[in-house]
Structure formats: structure tokens, C-alpha cells
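Below is one structure, written out as C-alpha cells; the observations come after it.
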Amino acid sequence: MRKYNPKEIEPKWQKRWAEDGLYNFDPSADKPKWYFLTMFPYPSGALHIGHWFMYAPPDAKARYLRMKGYNVFFPMGFDAFGLPAENAAIKHGLDPKTWTYENIAYMRRQFASMGASYNWSHEVITCDPEYYKWTQWLFIQFYKHGLAYRKKAPVDWCPKCNTSLAREQVKGEDRRCDRCQTPVTKKDLEQWLFRITKYAEELLDFSAIEWPERVRVLQTDWIGRSAGAEIIFKLESYDETITVFTTRPDTLFGATFLVLAPEHPLVTRIVTAEQRPLVEAYIEQTKRLTEIDRLALTREKTGVFTGGYALHPFTGERLPIWVADYVLMNYGTGAIMSVPAHDERDFAFASKYGLPVKVVIAPEGWNGEQLEAAYTGAGIMVASGEFDGLASERGKQAIIDALQERGLGKAAVTYRLHDWLISRQRYWGAPIPMVHCSSCGTHPVPEDQLPVLLPEGVQFLPTGESPLKLSEGFRRTTCPVCGGEAERDTDTCDTFVDSSWYWFRYLDPKISDKWMNSALAEKWLPVDEYAGGIEHATMHLLYARFFTKALRDMGLVNHSEPFIRLFNQGLMLAEDGQKMSKSRPESVVNPDEQVDMYGADVFRTYLMFIGPWDAGGPWSSKGIEGINRFYKKIWNFVLEPPPAASGEPSAEQVKELERWMHKTIARVGQDIEHFRFNTAVARLMEYLNYLVKAKETPLTLLPQWKQAVRTLVLLIAPIGPHIAEELWQELGESYSVHQQRWPDFDPVLAADEVFTLVIQVNGKVRDRVPNLPVDVSEDEVKRLALDSQNVKRQIEGKDIINLLYVPKRLVNIVVR
RNA sequence: GCGAAAGUGGCGGAAUUGGCAGACGCGCCAGACUUAGGAUCUGGUAGGGCAACCUGUGGGGGUUCGAGUCCCCCCUUUCGCACCA
């Protein structure tokens, strides 16, 4: 008998499937549609084990859904613009394009070796001019609709990547670059931004999508809605005002000073001559600090007095105006009213600089004494003029109303979310399709001139300037308005722009006169299910939602959410439970080696078996042996003829066989549907274990036996596609197993006919009665329970005060 | 500090959502087969007594006939956010 040899069967079937176009996609097929998307990879060189962990289970689900009769759209592509290509160019003198396409070719071969059933004819590669032409076109539409704008501002800058970053791409307390972990600095640059804040409110609404709580919370926190008031303070000596944002208008009477961010434009105007040197020095000092230093120092707050005063909108009291870097320019209005009695930060600052603390919300039991610390809770308003005696919650609205009446304020909402900065000072990205003319200003490249091609043979000097700036041929152009000399924008788009619309393009990636095939979109969008890592919660997934809503408002699509369902897989860890890391090469598991050693079926199945898909977990080089044995066992089970049997199986045995089969069909299907691949595999193992034993009985003589074996192979097919195809052929069935219907199960046959009755006394198991029919009467159960010797011993001399029967499970005798 | 998730044998993990804790697999132990095997097969495997039983799902309380599951308090770990006014 042949041995299980994945090296022989896997390449054979992969070739056959490709030749037959087994996974070609027909969008018009008359079946229910299922658009199943997984986050496409960056072509970094080779698929690593994390990729396999991410891609193998969805392939199993896609295969399962096809067998269930869905028309599954399961595309794949490459998020191909990005820094590593450029860094490879700098380091090894390689052309980014060549490097990228070579990597893509290799990774496609790896996907094939996995047995992945992607619809490759719909592949999208974002660095392909045919793709980025439309990235640029979309940029122009955003521009035309006021959703893309240019602004000079201090931006987050990564000194290693030599480019600016979006706020989302700066991570952690010490503000490091998401890509290379280098601490970011600030740089003043003129940059393009997308107006995502326009959608802040709508992005908080998740009612139309079924996303994990975790992601919804991350996005909600990231958007950071906070409601309060804007309050206008008049200045004492200038005809100017300072607007502050506060969530606590009820504490307005407790404001004892104002604080401006050092970058606030009014600072230099209001500072008195006397204080000017101090203030200027302070601003200088703040500027020199990197963001990290500034935060590290902030345990101790610093600031200086400007010499200026503002007037309290109700009392007219003079409030000194300070500058302090604990107030941030990019949140709210960059100015605050400081209420030391009711805000911890203000309290710390006031304590340090000897500024007055005025209690206006009485804590419970407060008798007018000095506070030891800020009281930030609710309470009754005091020392607040006409508002005295109000509960602070009601006071908020009362103060807002009073301010509004005087034209000195209004209710306001602010968000932590910032507009999305998309300019990158790098080469390997989609050029921003804009032209700057000294006489006409900035204008889009005419749409019939797209794409603005990336020039080849560009110099890469790590200067921090866009490499495209150094390409004269690229930079010089003519103004689309006046025809005179003009300059192209030499920045490129953040690669997250490329990935913010790729699932639209998948539908018809070759359509040449439009960004997307709307007829197909009508039927196929939104995406039914999206699988990918949680690390994209506040980046890609937020951008994707923003894009969809923006495109809707431009009339380009008619839905509001890109992905109905979302599933986040976990992280594959090294054998020691730590993260796999290139700095510890021994910790890294190379998928190609695993395929070489065990075959793709074993490897992918082990990745599914290792634990719940959303949890991830540590790799085990021993554990994979178990799956290897499992497949060998299936192989031998199917190929080895049963021993000669005589006689007839009992009716019970036949029913058991059927029950196992139907139950397994039901469970494996449900598990795959819910991404519970680990238990799906476990069910298959149990089924096999049962079948191996049953093979020793006369059951093998029955037609039901053949059915049971056939079913085993069908149920394996999504998970181990190659071995299933081979065994299917061995069973004499017709090609391909992957075009078969997923077997139906009969709930009646799957249901247990008998059960083991558990008998408890006072909640403790004292006996069991096996093989009771499920419809056994309660009286019979009680009789059996009380008849048990063990039970008799336990209840002797005690009173039975209750006896509960949970049908098909247990009885509990309560005694005292 | 705020928010979220999690804590079950030697290990990865199951548990129909309040009803037999530890499915399945790894590892380990014993045995069989084999010239040999890191192959294969059979049996065992939470801990303690080795029998009746007792104890066990991070710790402590509670609800319940019954709690890994529900409620309260605490501990630990991981992740996210962090001067956001």
C-alpha cells in the first residue's frame, strides 16, 4: 500500500486545480454571494508563519462555503507600495519595482503551495500604474469635494523612515514610529490631509456592522468624542478674545487663570514687554524638546505668565493668562480655562505656581475648607452667583444657556481624531496628482493625464526630502490652468490610501475606464466578511470606513460601510511563548521548511488546531506531529481494506454509525462557520477514532459504511484540500472533491437516542446509569436514582427534601 | 491612572452557555510488534488515598438543588489609550 506522501500529491493537485481553473470566479453565477476578504499582504519577500496563520484558516472557510453552495468571491493581491522596497533599493542598489515584483512572484508560489483557493484572476497590485492611476483619481475626487486639503503644520516625523506620519502611525507613550519603532520628532511641513474628522460623528455609529466589541471600542476611543462648551474670554487690554474648550462649563466660576498652548497664535500678541523674554525663552525651550522629552518632563508641569489678563465672562474678574506645554495646540482650541479646584492637572499647576484655588462644586460634607486635591466629581454649585445651589450636571446646561445668551459661548463637541495626514516624503508610493503653479496656485492633474507615473531610475538619498524632488523630469511640468511652468507635488501617498479602496477594485481589476465596476458592486458589495489583524483597528479599518462614507457622499457608491462582519485572528507566538523575532532567529518558524517536512495539509491544519483562531498562541514543533499522525491515520484508514467481516452489525451499531456521521457533519460545519477551526479538527479526529474502531465490526459490509467514509473525506476537504482530493480519487469518486456539496445532516439521526443519567446527591455525582433512552419518563428516572446502591448509602437516615430531574442530563436528590 | 480581554492538568486547549470539569492533541507511563526506530498499535494519565471517598477551573465571599460559567471584592498577565481640558 502507498504511504502518505504529501510531497507527491500536493504539487500534483495544485497543478491540476490551476490548469482546470477550479477557483475561477463567475460573478454572475446563480447562487447566494459571499464576498470573503482577507487583508492583503505587503510583499516583503516571503510569507512568514504569521501570514500562514492568517491565510490558511480563511481558505478552509472559503472552501467550506463553496461546498455549501455559495458563490464565494475570495480574492488576493498585494499592498505593494511602501518603504521596505525603497530601503532595499538604498541598501542593495535594487530597483524597488523589480524587488517588489520578484517578491510577489515568490509569495504567489507560496500561496499556491498552501493550496490556497484564491481567485487569482482578480488580483490587485497597488503599485501597478493601472491601480494607482485610480488611487490618484480618487485623491482628486476627494480634493474636488473638499475632503483633501493642504496645510502647513508641525507634523510627526520619523527620522529613520525620513517621512512624515499620520497620527495613527505614531504609537505609545514614547511616540514611536509604527513601522520602525524610532521615536518621532516634529517638523513643520506643508502637507496633504484627508478630512476624516468630518465623519467623526458618523464613524462612531456601528449599528450597520457586526464587528467585534474590541475593535468598536478601539475606534470609539480613538475618535474620542467629548462634549462640553466653548467659552469666549475677552482680553483686558486688547480687542481680542480667547476661546477655550471645556467639558466642565459648570466649573466656570472656579476658573482662576487661563492657559495657552505654547504654539497658540495669540501668545506672542498678548505677552507684555516685561514678560516677553521669559515667554519667548519658554516657547523656544518647548520647541527644542522632542515630543518624548516633552512628555517625560511633564510629570512636573512647567509654564510662564504672559503678563496678560482675560476677563471672566460673568464676574469680569481679571484672570492671568499663562503659557504651559501641558496644554496641547492640537486638541480643542489650544487654550483652557484653568479650574484648579476641580481638575487634577490645573490643581498641580496652581499649587506649583501659587495660583488661587476656588471651590465652586461642593464635595459631599464640604465645609469651606481648603482642598487637598482637586475634586473632579459632581456636586452642588457654590460661589457661582446666580447658579448657586444647582446640581453640577444641570449647571452645565444652565451655564451654556447663559453664555449663549450673552454671545460668549456655546455647546461644543471636540474629537481626539485628527485629519489624516497622507503626504509621504518617499519614492515608492502613488505620486500625489497635484501641480503647484506660482501664479495659479495648486491644481489637480487633469484626469485624462492620469496616472502620474513614478519615474524610474530615481536617486535615493536619505536627505529627508522627497526623492521625487530630485527628479527634474518629474518635477517640472506645465500648469493645467495657465500652461506656464509649474511643479508637481513631489510627495507620495501614504500606503494606507492605496489599501483604503482595494476591495472595490478586486471586483473588476482590469476595468480601464472607471475606478470600479459599479454593476458588480451593486450585487457584490459590501464585503460580507473581512478577516485580518486587530493592529489595523484605528488605521486601515478606520480609513476604510471613512473612504466608503466619503465615496458614498460623492455618489460613487451606495452603501456606507465597507465590511459587514469582521474577524480578528490572533498572533502566532514562538515556541517559548514570546514573539517570534528576527533578532532571535531560533524562534522563527519558516513555513517553507514546515511544508517541506510535513506538507501543506499538515502544516495548515496544525495552524488551525493550535487554539482558537482569535487567540493565537505558541507554536509547538511536537504538536504538529500529532496532525501528521492524524493524516497518516486517515490515509491508512481509507486505503487499507477492512478486515474480512462476517455476520451482521446490530441495529444499535448501525444507529451509532449514522449518529456519528450526522453529528460530525453538523459540528464541523458549525465550527468552520464560526472560525472555530481547532474544535472542527478535534471533531474530525473523534470521528476518525470512532471509525477506526468500527472498522473491526461487520458495519463495513453496509452501504452506510461507504457513506461514512465518503463523508469523512468530504469533511476533511476544506481543511486538508490535497489529501482529500487524493483520497476522493482513491475512493473512485469523480473529480473534484472541492466541487461536491457539503453533506446534509439529519438532525433526527444526529440526535442521541440514549444518554448516561448522572445521579447527584446534594449536587455531587454519586452514580451513573448508562444507555437510558432519551425519552425515559421522569418517574422511571426517579426510581432508578433511588434504587442506586451508592445513592442509598448516601441518603440513608436523611430526609429527601427535593428531587430535580434535568431531562437527558441528571437527577439531583437534595437531602438533609 | 483609564479602558478592554484573559487566568482550567506537565503543555496547547475543550466544556451544548447554569447541569458528568479536563473533549481533541502533545508529553509522560506501561505493554505489544519489530533486527532497529524519533515508526505503528493497545491501555493508562488532574491531585490525594490507591477501596468507599476527599480535594480541585488565580484568591476570597455570595446567589442557586447545582457555578469554570452568574453577582461582589481582591490578585496576576496581556493589549490599547494616556497631561485630550
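Each chain gets a letter, A, B and so on, in the order the sequences are listed, and its residues count up from 1.
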Within this structure, what is the [atom1]-to-[atom2] distance between [X] and [N], rounded to whole angstrom?
X       : N      : atom1 : atom2 : value
K663(A) : C24(B) : NZ    : P     : 13 Å
R629(A) : A39(B) : CZ    : P     : 6 Å
H674(A) : U17(B) : NE2   : P     : 13 Å
W635(A) : C41(B) : CH2   : P     : 16 Å
D221(A) : A5(B)  : CG    : C1'   : 14 Å
M608(A) : G25(B) : CE    : P     : 18 Å
I759(A) : C65(B) : CD1   : C1'   : 16 Å
L571(A) : G80(B) : CG    : P     : 11 Å

Base, sugar-phosphate, or nothing for [X], non-hydrogen atoms under 4.0 angstrom?
X       : answer
R768(A) : base
L218(A) : sugar-phosphate
V758(A) : base
N636(A) : nothing
N678(A) : sugar-phosphate
S620(A) : nothing
R766(A) : sugar-phosphate
L810(A) : base
Q760(A) : base

Under a plain distance cut-off of 3.5 Å, with no hydrogens placed, do [Y] and [X] share a side-chain donor-acceptor pair?
X       : Y       : result
D325(A) : T286(A) : no
T605(A) : Y631(A) : yes
R676(A) : Q670(A) : no

Next item on the list: Please list, chain by chain and in numerical order, all residues satisfying side-chain contact (heavy atoms from CB on, under 4.5 Å) with E625(A), sequence neighbours excluded.
Entry: Y598(A), N628(A), R629(A)

Checklist line | Residues that E213(A) engages under side-chain contact (heavy atoms from CB on, under 4.5 Å), provided they are two or more places apart | finding: R216(A), V217(A)

Distance check, [atom1] atoms only: [N] and [M], in whole angstrom units.
N      : M      : atom1 : result
C75(B) : G27(B) : C1'   : 31 Å
C20(B) : A15(B) : P     : 13 Å
A14(B) : U8(B)  : C1'   : 10 Å
A5(B)  : G9(B)  : C1'   : 24 Å
G1(B)  : A46(B) : P     : 41 Å
U45(B) : G22(B) : C1'   : 12 Å
U64(B) : G58(B) : P     : 23 Å
A23(B) : U16(B) : C1'   : 12 Å

Considering only [options], which nucleotide approaches the side chain of [X] most closely?
X       : options                : answer
M685(A) : C24(B), C20(B), A85(B) : C24(B)
R793(A) : U40(B), A52(B), G19(B) : A52(B)
Y331(A) : G43(B), A85(B), U40(B) : A85(B)
A682(A) : A23(B), A82(B), U40(B) : A23(B)

Notebook entry, point to check: Does N802(A) place a side-chain N or O at less than 4.0 Å from the phosphate oxygens OP1/OP2 of G66(B)?
Noted result: no

Margin query: Can you tell me if K633(A) touches the phosphate of C24(B), counting only side-chain N or O atoms and a distance under 4.0 Å to OP1 or OP2?
Written below: no

Item checked: Helical stems, RNA chain B - three or more consecutive Watson-Crick or G-U wobble pairs below 3.5 Å -> B:1-7 with B:75-81, B:10-12 with B:24-26, B:27-32 with B:40-45, B:46-48 with B:53-55, B:58-62 with B:70-74

Check: Do N812(A) side-chain and C65(B) base share a donor-acceptor contact under 3.5 Å?
Finding: yes

Next item on the list: Establish whether the base of U16(B) is bridged to the side chain of R667(A) by a donor-acceptor pair shorter than 3.5 Å.
Entry: no

Notebook entry, point to check: Taking syn as any angle within 90 degrees of 0 and anti as the rest, which one fits G10(B)?
Noted result: anti

Margin query: Just confirming the chi classification of U17(B), syn or anti, using 90° around 0 as the syn window.
Written below: syn

Margin query: Judged by each residue's nearest nucleotide on RNA chain B, which is more toward the 5′ side, S226(A) or G626(A)?
Written below: G626(A)

Check: 5'-most contact on RNA chain B: T679(A) or I624(A), nearest heavy atom basis?
Finding: T679(A)

Checklist line | Criterion side chain to side chain contact (heavy atoms under 4.5 Å, CB included) against I336(A), the qualifying member of Y331(A), F245(A), Y326(A) | finding: Y326(A)

Next item on the list: Check for a donor-acceptor pair, side chain of T306(A) on one end and backbone N or O of I321(A) on the other, with a separation under 3.5 Å.
Entry: yes

Notebook entry, point to check: Is there a side-chain contact between N678(A) and D671(A), using heavy atoms and a 4.5 Å cut-off?
Noted result: no

Check: Should the pair H312(A) and F253(A) be assigned to parallel (<30°), tilted (30 to 60°) or perpendicular (>60°) ring geometry?
Finding: tilted

Checklist line | K410(A) atom NZ, neighbour heavy-atom count above 12 within 6.0 Å | finding: no

